[in-house]
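Structure, as structure tokens:
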Amino acid sequence: MILPFPLQRYRQTKILAVKHRLYFGSRQENSQKSLIVKYFYKFLFTAIRYRIRPFIYDIFMYTPQRLTCNLFTQCYNLSMIFRDDPDVPERENPLYKGECVFVTTFIIGLVILLGGAALYGRFCEKVFGPDDRKTPAYTKEDGVDFVPMRGWKNSLINLLNIAGTGPILGPIQGILFGPIAFLTIPIGNVIGGAMHDYFSGMICLRDGGTQMPEMIRRYSTKGIYKFYNVFVCVLLLLVGAVFIYTPGDIAATQLFGFDGKATSVSTWVIYGVIFLYYLIATVFPIDAIIGKIYPIFGGILLFSAIGIFIGIFVTGMPLMNIWDSWAAPVLSLTGADGTVGTFTYADYFSTKHFLPIFFVTVACGILSGFHSTQTAIISRTMKSERQGRNTFYNMMVLEGFIAMVWAAGAMGVYNLALQEPNAGLATGTVGVVCKYLLGHVGGIIALIGVIVLPITSGDTALRALRLSLSETLHIDQSTNGKRVKLAVPIFALVIAILVFAKTNADGFNILWRYFAWANQTLSLFAFLCITAWMFENGKGKWAWIPMIPGCFYTFICVTYIANAHIGFNIPWTPAYIIGVACAVAYVVACCMYGKKRAAKLLAK
């Protein structure tokens, strides 16, 4: 059989790689290291172009009936192209048996994520009903915040806005609960996070490009509106501080080789550079800064995510399936007193309270209330309502894919004993995953992608805070000088939080815990408003769409803060009871309030 030239190149690359016995992922040194690099990148190019591209095409052409078959086929091809040679000794870890590992649970999770997005995303779009009316980008165009931008650019900007350190550090910590994370992340993403982002963005878009505080004012009570204003401002300040601290420390310690200590000048110089970028992106027109630089950031982000995804199969990473024995020891750990213990996923799952800790920890990969503040920004630059599904829903699904990839990469290095399975070492795990799967050069590029993620979320968080304050307090923002005047006190508060977190021994842990809980709690406001909007617009029969995740996350957030030391410090059993009671009350209140608003609207 004569193959087309591109496919002949693909087959030749495969044959040459196998012929030279390229031991990707092996801890033994290979004498043909130069060939590994050469043929790996040749494989990467041909595999992406002629194997992955048809599958991506199917996703965007909305053919869900082919998703499952194609996804399994593409991942199987990637995993089977490079096998470890039989002569290579088996690895010491009992989870690795010397053969290329085909990770079924991970693939099932990806099928749920992508297949669910194709089906449930279309369903959500049908419920909302986008049309061809003029968008605020045209009706309120001002050259600053209301600026028509291309659909692909809006999608990319929204992805970078919402994808901070959550879909990286969260899954790295969450995977310690075991392979169940490969299923809970995609299910929660499809029915919770992506739906939340889509309806939040689309309602703001239809209401004239309003920010979230205005949406809360329209679809809730005065008391809830006032509380939300304070709550969201605190959260956005925490986001700004967290997303300076995290990328700054990763850049200092893993990219430039500094110590990252509070007493080092280099640490504050790096923070200062990030601050300067934040100031420019927060104050100046969105198309002048964000619209031009984000495509570059987006390319780095996609390279790191896709590179790690392919690397998982190329290296044959030993990932655990949900039906495997979770009690298998992963790593022996020596305590400070000299005692030797072992880490198992079963022990971690049973002792760390999967509910609610997992869902607070993973955060952005499943659901994030912070996203509603970012989708509102993009609603001001969209040319058509019909772009909403790709801009809001699909970009959250793509963030879920990033979370899945990092969870799998972390489990792989844990199982290979390349990194201690410790939630406190999540930042260090990032560097281990990048350099192990992508080599030194590719690892550096991937690290840059990880640094870019929080920076591109932090700048828009502070921008959203400025817009929200100006809208709530009716502060004119028509000139650069007026925008700077409002931005200065905001940045002063962020600096104060950052100094506390950096100089206090437990400062950042306190900051991150408050941020994680507040991030999830904020989504409950959006779910309430989405429910009220549905009742007001004759879509009450679909109110279960926001109420299911709203009920679940009420239980999660209330239970967590009731038990947490930073909260009420209540024992777990009564904390669970309180969480269930509040979840039921939330659903009842949403239904009663929505029906009341609908009845009042009909009476007019």
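Just so it is clear, the values below take in all heavy atoms, side chains as well, and ignore hydrogens, waters and symmetry mates. Every value quoted in this text rests on a predicted model; they were computed, and no experiment measured them.
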Practice prompt. Starting from the C-alpha separation in whole Å, work towards a yes-or-no answer on side-chain contact (heavy atoms from CB on, under 4.5 Å) for C582 and F555.
Written response: CA-CA 7 Å; C582 289; F555 165 75; over 6 Å; no
Practice prompt. Taking all non-hydrogen atoms of both residues into account, name the closest pair between P549 and I191 and its distance.
Written response: CG-O, 3.8 Å
Fill in: Ring centers of F309, F401 separated by less than 6.0 Å
yes
Item to complete: Measure centre to centre between the rings of Y120 and F123, then say whether the value is under 6.0 Å.
Response: yes
Worksheet item: Do Y553 and V360 have side chains that get closer than 4.5 Å, going by heavy atoms?
Response: no
Practice prompt. Examine the side chains of T429 and Q419 and answer whether a donor and an acceptor come within less than 3.5 Å of each other.
Written response: yes
Worksheet item: Where do I357 and K352 come nearest, in terms of heavy atoms and distance?
Response: CG1-O, 3.2 Å
Worksheet item: For the ring pair Y345 and F177, is the centre-to-centre distance below 6.0 Å?
Response: no
Worksheet item: If only atom types and distance count, is the side chain of T373 paired as donor or acceptor with the main-chain N or O of F370 below 3.5 Å?
Response: yes
Practice prompt. Tell me, with the steps shown, if T105 and L319 meet side-chain contact (heavy atoms from CB on, under 4.5 Å).
Written response: CA-CA 9 Å; T105 302; L319 307 189; over 6 Å; no
Worksheet item: Does any non-hydrogen side-chain atom of S200 lie less than 4.5 Å from one of F392?
Response: no
Fill in: Polar contact flag, side-chain donor to acceptor under 3.5 angstrom, S155-N158
no
Discussion item. Quick check: F359 with F552 (ring centres under 6.0 Å apart)?
Written reply: yes
Worksheet item: If every non-hydrogen atom of F527 is compared with every non-hydrogen atom of G550, which pair is closest and at what distance?
Response: CD1-CA, 3.6 Å
Fill in: Modelled atom types, side-chain donor and acceptor of N422 and Y414, under 3.5 Å
no
Practice prompt. For W517 and C557, indicate whether the former's side chain and the latter's backbone hold a donor-acceptor pair under 3.5 Å.
Written response: yes
Worksheet item: Could you go step by step and tell me if W406 and L169 meet the side-chain contact (heavy atoms from CB on, under 4.5 Å) rule?
Response: CA-CA 8 Å; W406 280 98; L169 298 182; over 6 Å; no
Discussion item. Is it the case that the side chains of T375 and D197 hold a donor-acceptor pair, with the cut-off being a distance below 3.5 Å and no angle test?
Written reply: no
Worksheet item: Please walk me through it: do N321 and F182 pass side-chain contact (heavy atoms from CB on, under 4.5 Å)?
Response: CA-CA 9 Å; N321 288 310; F182 293 140; over 6 Å; no
Discussion item. Any heavy-atom pair between the side chains of Y393 and E125 that's under 4.5 Å?
Written reply: no
Worksheet item: Does D347 offer a backbone N or O that forms a donor-acceptor pair with the side chain of S350 under 3.5 Å?
Response: yes
Worksheet item: Are any side-chain N or O atoms of N189 and backbone N or O atoms of G365, one a donor and one an acceptor, separated by less than 3.5 Å?
Response: yes
Worksheet item: Any side-chain heavy atom of V433 sitting closer than 4.5 Å to one from L438?
Response: no
